[in-house]
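The structure under discussion appears below in the form of structure tokens.
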Protein chains: 2
Amino acid sequence: MDNVNLKKLAEELNLAVSTVSRALRDNHEISQETKDRVKALAAKLGFQPNPHASSLRQNKSRTIAVVIPEIQNNFFSQVMNGVEDVAQRKGYHVLIYLTHDDHNREKEILQVLRNGRVDGLMISVSNTTTNIEHLEAYRQSGMPLVFFDRVCEEIDVPRVTTDDSIAAFKATEHLLKVGCKKIAFLSLACNLSISSGRRSGYLKALAKHGLDNEMIIECGTDDETNRQNIRELLQSDQRPDGIFAAVEKFAINTYEVCHELNIAIPQQLKLVGFSNLSAAALFDPPLSTIVQPAYEIGKEAATILFKIVEKKMLLPNEKRVMIASEIVERKSTGK
Amino acid sequence: MDNVNLKKLAEELNLAVSTVSRALRDNHEISQETKDRVKALAAKLGFQPNPHASSLRQNKSRTIAVVIPEIQNNFFSQVMNGVEDVAQRKGYHVLIYLTHDDHNREKEILQVLRNGRVDGLMISVSNTTTNIEHLEAYRQSGMPLVFFDRVCEEIDVPRVTTDDSIAAFKATEHLLKVGCKKIAFLSLACNLSISSGRRSGYLKALAKHGLDNEMIIECGTDDETNRQNIRELLQSDQRPDGIFAAVEKFAINTYEVCHELNIAIPQQLKLVGFSNLSAAALFDPPLSTIVQPAYEIGKEAATILFKIVEKKMLLPNEKRVMIASEIVERKSTGK
DNA sequence: GCAAATTTCGGAAACGTTTCCGCAAAAAAG
DNA sequence: CTTTTTTGCGGAAACGTTTCCGAAATTTGC
């Protein structure tokens, strides 16, 4: 009653195991009549092929891994959503791993995934990743690999990102347009490409408008530290009239401090930040955001990964995919 | 260079494959000296056992599946976070499947997971699930199964939930305490236990305070339809002075309509809703929420699932785990 | 009407583990 | 000094597929 397998089907039908296997896979060497008989019985008994036997034999698992820093973040949730959609449609399974921005954890995960458990992997690297040996080792093993969002510049694999620099440029310019003279940039403290990209966009915008009063505040994962940094910033005599938050978290921290210090947004301080939170529209005041095409990034990265897994040729423009972010102007930068 | 397996290690060391296997697994039949030699070489060559071969032989995959309606929702994200933490610590892998609240999709997923790909499954059932055959079939197959949050009452498997009814009772009573006389309940239109639990808590609170003017509005997945329902509600002459939203989405929809109709929260309408959005504190006005212990639910459900998988005895109180939700009072129900 | 090609299937090897069974050599028991 | 037990290891089966290699039976070519 328990496990119905090929052997059981074969016995029942007086066929060889190989014949049954072929019939189920619509092999042309099997007559239509036999195929029908086999499939009928398989359906009747609810036969499901054992994936481990199949994977072992074929050396492919129909499974991919997604490695992300955290899931409790709208951006990555939306990415997962995109990935899962594509995977589901292609009949693939999705393993999820969280690094919590811990380099060592990331290393362990990659280590353990180099043994055939998955056919390929997509990753948004941890912001504590300085040493890239584990990524390089994974690539060297020949396994399909795709970066998305937080990519590793040094390793030449397909990547799907957003135009961080351009988006940051636009956001900064937007702040300038609405009258800001002194704009602070809350930067993600790490040597990630997204971090430097956003910073450079910020600097370019200032430069274009002839400003050299950049203020770059490095923020991190700890909310209280961030708030303290922002508090000092807003209480200093160098107080900015605009803040550009490189990640959602820092925008939230800014709101918190402003409420605490009774600083009115947007009258006394204008604020814009990267964020994929749809509820940003309900904030007090509604937050102007740069929203990244998270779902599309996930979808695109997965599509490319599957192409590599299935050894299809990648189009030239699929090796470096960049999808534009969109700036949504709301009250936090209004007059 | 490519695949280093037991056979290769064995040849290199002049040992039998079986010996190598045992050595790596610290079998007591192997001398310490041999173990050391084997492990040294395995480490040197970066040997990773093939999980499919292992799973096939042992009939266990060290993998669990999590089936949820959506991931782009703070509650489920936090659940995943909890699950992943436990799984990671126990060396298990986590497959994620999204149903998008589609019964058929849910059915297909469960179907395909009944073949040994995973050692167990935890699920929060889709709200379109009326027919429970697929769940029953899965249980009948003897595979470990745990429900969380959106459980299926008819099937007797361990479940981890929150005290929906009590939480709803408290929320309703909170609205009464701050002066509401006519409270509408935005209900999730489905026959899910969480839906009926929350509704009954709402009704109980009204009854306790001698009120019989219940207003139950069924809402669904489509935002515009929900907004239309809420719009009609707030424009009718039966307009309530308090709204209790059964799920986060409906609270958001209420904000949207209130902004649109210029209804002041909390002066003209008080609002409370189930929500795990930490940014609710930044809303205009800050939203009073019932926050479910999502992380703990995920953690607990996973812990129980692993216990079943590993055939450990479940404590009596682990078959029905209920973790309290917490009500966070903010301005949306303030005076 | 016979050789050749095609169709349809069976047997067995292979994937890389784990584990059952057996068997020497060494140690313990008597 | 013999018998039993223990220790340490090797050989081979087994898990359930897929696929290679035939091999009858049927059809086609001439």
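Values below: all heavy atoms of this structure, side chains included; hydrogens, waters and symmetry mates excluded. This one's a predicted model, so the numbers in the text were calculated from it and none came from an experiment.
- Judged purely by atom type and a 3.5 angstrom limit, Lys35(B) has no side-chain atom pairing as donor or acceptor with the backbone of Leu24(B).
- Relative orientation of the His134(A) and His103(A) rings is perpendicular, given thresholds of 30° and 60° on the angle between their planes.
- Within a 6.0 Å radius of NZ in Lys44(B), no more than 12 heavy atoms belonging to other residues, nucleotides or ligands are found.
- Under the rule for a salt bridge (charged side-chain N to carboxylate O under 4.0 Å, His left out), Lys299(A) has no partner lying at least two apart in sequence or in another chain.
- For the pair Ile71(A) and Ile71(B), the minimum side-chain heavy-atom distance is below 4.5 Å.
- Arg62(B) forms a cation-pi arrangement with Tyr92(B), by the criterion of a distance under 6.0 Å to the ring centre and an angle within 45° of the ring axis.
- For DNA chain C, the span of nucleotides reached by chain A at under 4.0 Å from its heavy atoms goes, 5' to 3', from dT8(C) to dG16(C).
- A side chain to side chain contact (heavy atoms under 4.5 Å, CB included) with Phe147(A) holds for exactly one of Ile123(A), Val160(A), Thr161(A); it is Ile123(A).
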Sugar-phosphate atoms are those with a prime plus P, OP1 and OP2; base atoms are the rest. Using that split, label each nucleotide of nucleotides 6-11 of chain D B, S or - for protein heavy atoms under 4.0 Å, 5' to 3'.
--BBBB

